[in-house]
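Read through the structure below, which is laid out as structure tokens, and then see the notes.
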Protein chains: 2
Amino acid sequence: MAEPVSPAGSIAESLKSLGLTKYEALVYVALLQASGATATELHELSGVPRASVYPVLERLSQKHLVSVSHTTPKRFNPVKPDDAIDLLMRSIETDATRAKADLSRVYAQSARPARGDQELIWSIHGDDQIRTRLLELLRDAQESVQIIFYWDHLKQELIDTLLSLRDNVRVDIITDRFTAPVPDRIHVTLRIPPDSHGITAGKCMAGGVFIVDGKQVMVVMGSKEEGFTALYSEATGFIRFFTMYWNFFLSWFRPQ
Amino acid sequence: MAEPVSPAGSIAESLKSLGLTKYEALVYVALLQASGATATELHELSGVPRASVYPVLERLSQKHLVSVSHTTPKRFNPVKPDDAIDLLMRSIETDATRAKADLSRVYAQSARPARGDQELIWSIHGDDQIRTRLLELLRDAQESVQIIFYWDHLKQELIDTLLSLRDNVRVDIITDRFTAPVPDRIHVTLRIPPDSHGITAGKCMAGGVFIVDGKQVMVVMGSKEEGFTALYSEATGFIRFFTMYWNFFLSWFRPQ
DNA sequence: TAAATGTTGTTATCACAAAAACAACACAGG
DNA sequence: CCTGTGTTGTTTTTGTGATAACAACATTTA
């Protein structure tokens, strides 16, 4: 008996992040399958204890997700799922925009001193966050950008950003392959890393080193499976290490 | 000392509906005011117990809302609030669309028998839900629409819906005033209800009765303050009662 | 140098509230 | 009578909130 791709449990998970509890989700899903059902029917269909069905439906009613009949036994009708989810989303969006406004105000007001990033190494998690910070970093380049690039994603976005730099910013890229057409602005050097050490820089591995103006370094590590982690630093030791690493790559491995 | 319009507590409320806990919200807000702070500083700024700051920041890091330094003491940096909230919203939206798809499939698949609404009276809560169901109801009118209308909102939307009906559907409205220009299609009768019984049908009260084809009735009650409640029924007794009510209004009160 | 002090990061423990799960009861209708 | 409904409690569980204690390390002080 093949389970549907999204069994009730999975749906419940999605609904929970919209502010519903497990029981609320289960009962609502059950009610969709049996509009006009009684509390007992919903209990049987959803597996929720019968006594719990009543308070749960009360909450769902207050959230405007079900309507209730005035008969005995009480019968219940679900709000159409599209309307229901739009309703929940709208409520969340309201909070989101308010939060965004408030937080931005707080963030802008806070005196952010030219902070002592100089000696620190920062961990950044989350693909989006890494992408944002990376492009931000590259956009601010004044003199040079040095890149070691074994990262499948981000090709086009990266190039676009690099091309938007001022003309006097020198851009060097070391990579194993570069499928996209490469404008003249960007100096590309092909280098194959040694795959003798077990893991090839294939699909399972990805990463990159980005050195900006010889003053800022961002290192991206990870794989598609586990997600990415990035390190960012302006610490001199950190920069020295990865500049050396970059030169090492440039001179050591065989050109393609 | 005047509190800002949105103190930290209020912001925390908004953030909670985006999936953060109280502590996560407090620490994040504190961190916005002091980028690059240490755990102890955040403890002092946010009021969150120092020991709790570490797991909280760990969770925030997993949610990609902060980056962490590798120094001792650890220092933390917030993701910019716009990016952070966009990130949270995108995650929720993903769940929402998946839930919508799944639920719609469930809802469509469920054999919805020509359900025995006939003897039931349904309670509907929530302004949006009431509006949706009401317009839905009116759109399906085949022969006649009878309305008692003491409801300030919904004027234009209501008229638009009524005008979209087929020509042979007779539309009668009883109301105390009708500010909008009334097309010929709609027969409007002005009746002032007795205001002797205490409450006038003024701003504090609002309501309406909608009888469709003499077979479906929706009654909307409530006030702007407490929100609205609606009753819907196809029960013959219910319909008889409100049809009588309608005729009563039409014949009893003095014309304006 | 050695003891005292303070800070950081970590762990364990407890309190508390909401949700989940179960038991019991009054009551209506057949 | 019995069945099923609606309601009321009570217990268990879970996640969060809150406090205390501890080891590791650095700093100060005698």
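Order of the sequence lines fixes the chain letters, A, B, ..., with proteins taken first and strands second; residue numbering starts at 1 for each chain.
- Ring planes of B:F242 and B:Y245: perpendicular class, angle over 60° (limits at 30 and 60°).
- Judged purely by atom type and a 3.5 angstrom limit, B:H43 uses its side chain to pair as donor or acceptor with the backbone of B:V48.
- At distances below 3.5 Å, at least one donor-acceptor pair connects side-chain atoms of B:H64 with backbone N or O atoms of B:Q62.
- Within residues 48-61 of chain A, the residues that have a heavy atom under 4.0 Å from DNA chain D are, in order of number, A:R50, A:A51, A:Y54.
- Mapping heavy-atom proximity under 4.0 Å, the span of DNA chain D touched by chain A runs 5' to 3' from D:dT5 to D:dT8.
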Next on the checklist: Run B:E136 and B:M218 through side-chain contact (heavy atoms from CB on, under 4.5 Å) and show every step you take.
Outcome noted: CA-CA 11 Å; B:E136 222 172 65; B:M218 189 156 162; over 6 Å; no
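- Although no hydrogens or angles enter the test, the distance criterion places a donor-acceptor pair under 3.5 Å between the side chain of A:T94 and the main chain of A:R90.
- No hydrogens or angles considered: a donor-acceptor pair under 3.5 Å links the side chains of B:D95 and A:S17.
- Both A:E41 and B:K16 lie near DNA chain D, and the one whose nearest nucleotide falls closer to the 5' end is A:E41.
- Taking both residues in full, the closest heavy atoms of B:L45 and B:A34 are given as CD2-CB, 3.9 Å, listed atom of the first, atom of the second, then distance.
- Nucleotide C:dA17 holds its C1' atom 12 Å from the NZ atom of B:K22, rounded to whole Å.
- B:S123 and B:L231 get closest at one heavy-atom pair: OG-CD2, 3.6 Å.
- Two residues, B:Y23 and A:T38, neighbour DNA chain D, and the one matched to the more 5' nucleotide by heavy-atom proximity is A:T38.
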